[in-house]
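To start, the structure under review is shown below, and the notes come after it.
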Amino acid sequence: MIFDLTETQLMIQSMARKFAEEEIAPSSIERDEKGEFPYEIVKKMGELGFMGMIVPEEHGGAGLDVMSYVLALTEISKVDASCGVIMSVNNSLVCQGLTLWGNEEQKERFLKPLASGKMLGAFALSEPEAGSDATNQHTVAVRSGDDYILNGTKNWITNGSTADVVIVIAATDKSKGAHGISALLVEKNAPGFNVAKKEKKLGIRSSDTVSLSFTDCRVPAANRIGEEGFGFKFAMKILDGGRIGIAAQAIGIAKASLSASLSYAKQRKAFGHPIADFQAIQFKIADMATSIDAAEMLIFKAAALKEEGKPYGRYSAMAKLLASKVAVNAALEAIQIHGGYGYVQEYLVERYLRDAKITEIYEGTSEIQRIVISRDLLKD
Ligand code: CAA
């Protein structure tokens, strides 16, 4: 496993960096303050191929490898973690699911527009009583002729009010537990599909997080992904891949914290010296950089295993566990280095802390990642 980046990967990384700095950065602070969704930016991300990066070209995607996706997502998240999560959900949770398990008709109707940025997707697994305990699904889909009748509530849905189509995980046979859960593609205009509460969040404030409710919502059985009862395994497999994306988002935030700290330490003077001259600051910077590189290596390992078609769930969980912790710590240290200026909005680092925290929570909390990792280690 060699992590020398190819010419194409370097080109994608630099294209994402340029796009983030030129097109995302100028409106980022204002959108965060107002909690505004970046419609125009998401449209441009679609045009540039960032919304379906690892989807084959024949299905509307960019046909790139997992490493290119990780590199691009890191660059976007370095500038704006809200754009990072919007991109991550559409790529990892929605397009990947359809690429691997959608049928030809679903790929034509949904994957093509989703991967090319003409549609936006969301993934609805969590519920008021089914967060970490994801098998405890109260949303129910009852078969009625050629349709399912869907009833229930979903919580914390990224892209929930902006998405054109949502992959909804629901119980189709409660008596079968995890084996009685199915995945359905639900279109925005389906009667009985309502966008409920919009969340007011600590961070990633310009991403769209809502509750969704379904009241006798009729969904064609043709919109089921895979067999009836495959929905829980589908969700778990999708999340294995999604965690690589969230790890990349986290490391983007951590890199932003380091970069802000380096600039500030060289420019800020105390006791007649730039504070970068003091070991107290140097050691913080050294620790930040070391932990960022370590986490990034783990992300690259998970990405390489996925690319090679090898089991990677343990490594994506490890990557997310470490990268999210590194992101929170790096943001805290960046605030400490900035002193009082770090605690106010002027220098952005307070936003990095607010944005970093969610990476320890969504797509499986750090505690869930430890369960996934230890179960895999102990299974034989
Ligand atoms: N791949 C394939 N199959 C898997 C799997 C995986 N990664 N993980 C579990 N399964 C299978 C199991 O093998 C089992 O199947 P069998 O009965 O045939 O053996 C079945 O699924 C049930 O699994 P468990 O018995 O392990 O289920 P559990 O109740 O103990 O839960 C869990 C396991 C790991 C805790 C799981 O519930 C979990 O991951 N919870 C966290 C959910 C989560 O990450 N939510 C995030 C929401 S999405 C989000 O945040 C998106 C966003 O907006 C950003």
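Keep in mind that what you see is a predicted model, and the values were worked out from it rather than measured. Order of listing sets the numbers, starting from 1, for every ligand and every atom in it. Just so you know, these numbers use all the heavy atoms, side chains as well, and skip hydrogens, waters and symmetry mates.
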- Taking atom NZ of Lys301 and atom CD1 of Ile244, what is their separation to the nearest 0.5 Å? 12.5 Å

- Query: If hydrogens are left out, which of Lys176, Gln369, Arg375, Lys320 has an atom nearest to atom 24 (P) of ligand 1, that is, the closest non-hydrogen atom?
  - Reply: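 When every heavy atom of Lys176, Gln369, Arg375, Lys320 is considered, Arg375 comes closest to atom 24 (P) of ligand 1.
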
- Assess whether side chain to side chain donor-acceptor pair (under 3.5 Å) is satisfied between Asp65 and Ser68, documenting all intermediate values. CA-CA 5 Å; Asp65 62 353; Ser68 299; 2.5 Å; yes

Who's the nearest protein heavy-atom neighbour of [atom], and how far?
atom: atom 7 (N) of ligand 1; value: Asp240 OD2, 3.0 Å
atom: atom 34 (C) of ligand 1; value: Val372 CG2, 4.0 Å
atom: atom 37 (O) of ligand 1; value: Ser132 O, 3.3 Å
atom: atom 1 (N) of ligand 1; value: Lys237 CG, 3.7 Å
atom: atom 11 (C) of ligand 1; value: Lys233 CE, 3.8 Å
atom: atom 47 (C) of ligand 1; value: Ser126 OG, 3.4 Å
atom: atom 27 (O) of ligand 1; value: Phe232 CE2, 4.0 Å
atom: atom 6 (C) of ligand 1; value: Met236 CB, 3.5 Å

- Taking all atoms of both residues into account, what is the closest heavy-atom pair of Gly160 and Val195, and its distance?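 The pair with the smallest heavy-atom distance is O-CG2, 4.2 Å.
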
Any non-hydrogen side-chain atom of [X] less than 4.5 Å from a side-chain atom of [Y]?
X: Tyr352; Y: Ile335; answer: no
X: Ile12; Y: Leu71; answer: no
X: Arg143; Y: Thr172; answer: no
X: Ile285; Y: Ile337; answer: yes
X: Ile204; Y: Gln249; answer: yes

Kindly confirm or rule out an N or O of [X] lying under 3.5 angstrom from an N or O of ligand 1.
X: His179; result: yes
X: Thr158; result: yes
X: Tyr362; result: no

- side chain to side chain donor-acceptor pair (under 3.5 Å) with Ser206: which of Lys34, Arg31, Glu30, Lys201?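 Among Lys34, Arg31, Glu30, Lys201, the one meeting side chain to side chain donor-acceptor pair (under 3.5 Å) with Ser206 is Arg31.
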
- Pick from Val85, Ile368, Leu93: which one makes a side-chain contact (heavy atoms from CB on, under 4.5 Å) with Glu363?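 Exactly one pass, corresponding to Leu93.
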
- Looking only at heavy atoms, is any part of Arg243 under 4.0 Å from ligand 1, and if so is it the side chain, the backbone, or both, or is it neither?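 Looking at Arg243 and ligand 1, just side chain atoms fall under 4.0 Å.
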
- Message: Are Trp156 and Tyr362 an aromatic pair, judged by ring center distance below 6.0 Å?
- Response: no

Closer than 4.0 Å to some heavy atom of [X] - which atoms of ligand 1 meet that?
X: Ala178; value: 22 (C)
X: Ala134; value: 37 (O), 42 (C)
X: Leu239; value: 43 (C), 44 (O), 48 (S)
X: Gly131; value: 42 (C)

Heavy-atom contact check, 4.0 Å cutoff: does [X] meet ligand 1?
X: Gly313; value: no
X: Thr135; value: yes
X: Gly177; value: no
X: Leu93; value: yes

- Task: Tell me yes or no: between the side chains of Glu127 and Thr139, is some donor less than 3.5 Å from an acceptor?
- Result: yes

- Message: Heavy-atom count check: over 12 atoms from other residues, nucleotides or ligands less than 6.0 Å from Lys325 NZ?
- Response: no

- Does the protein put a heavy atom less than 4.0 Å from atom 16 (P) of ligand 1? yes

- Kindly state if atom 41 (C) of ligand 1 has a protein heavy atom within a strict 4.0 Å cut-off, that is, under 4.0 Å? yes

- Decide side chain to side chain donor-acceptor pair (under 3.5 Å) for Gln96 and Tyr69; before the verdict, give the C-alpha distance in whole Å, the side-chain angles of both, and the deciding distance to 0.1 Å. CA-CA 12 Å; Gln96 262 298 276; Tyr69 169 50; over 6 Å; no

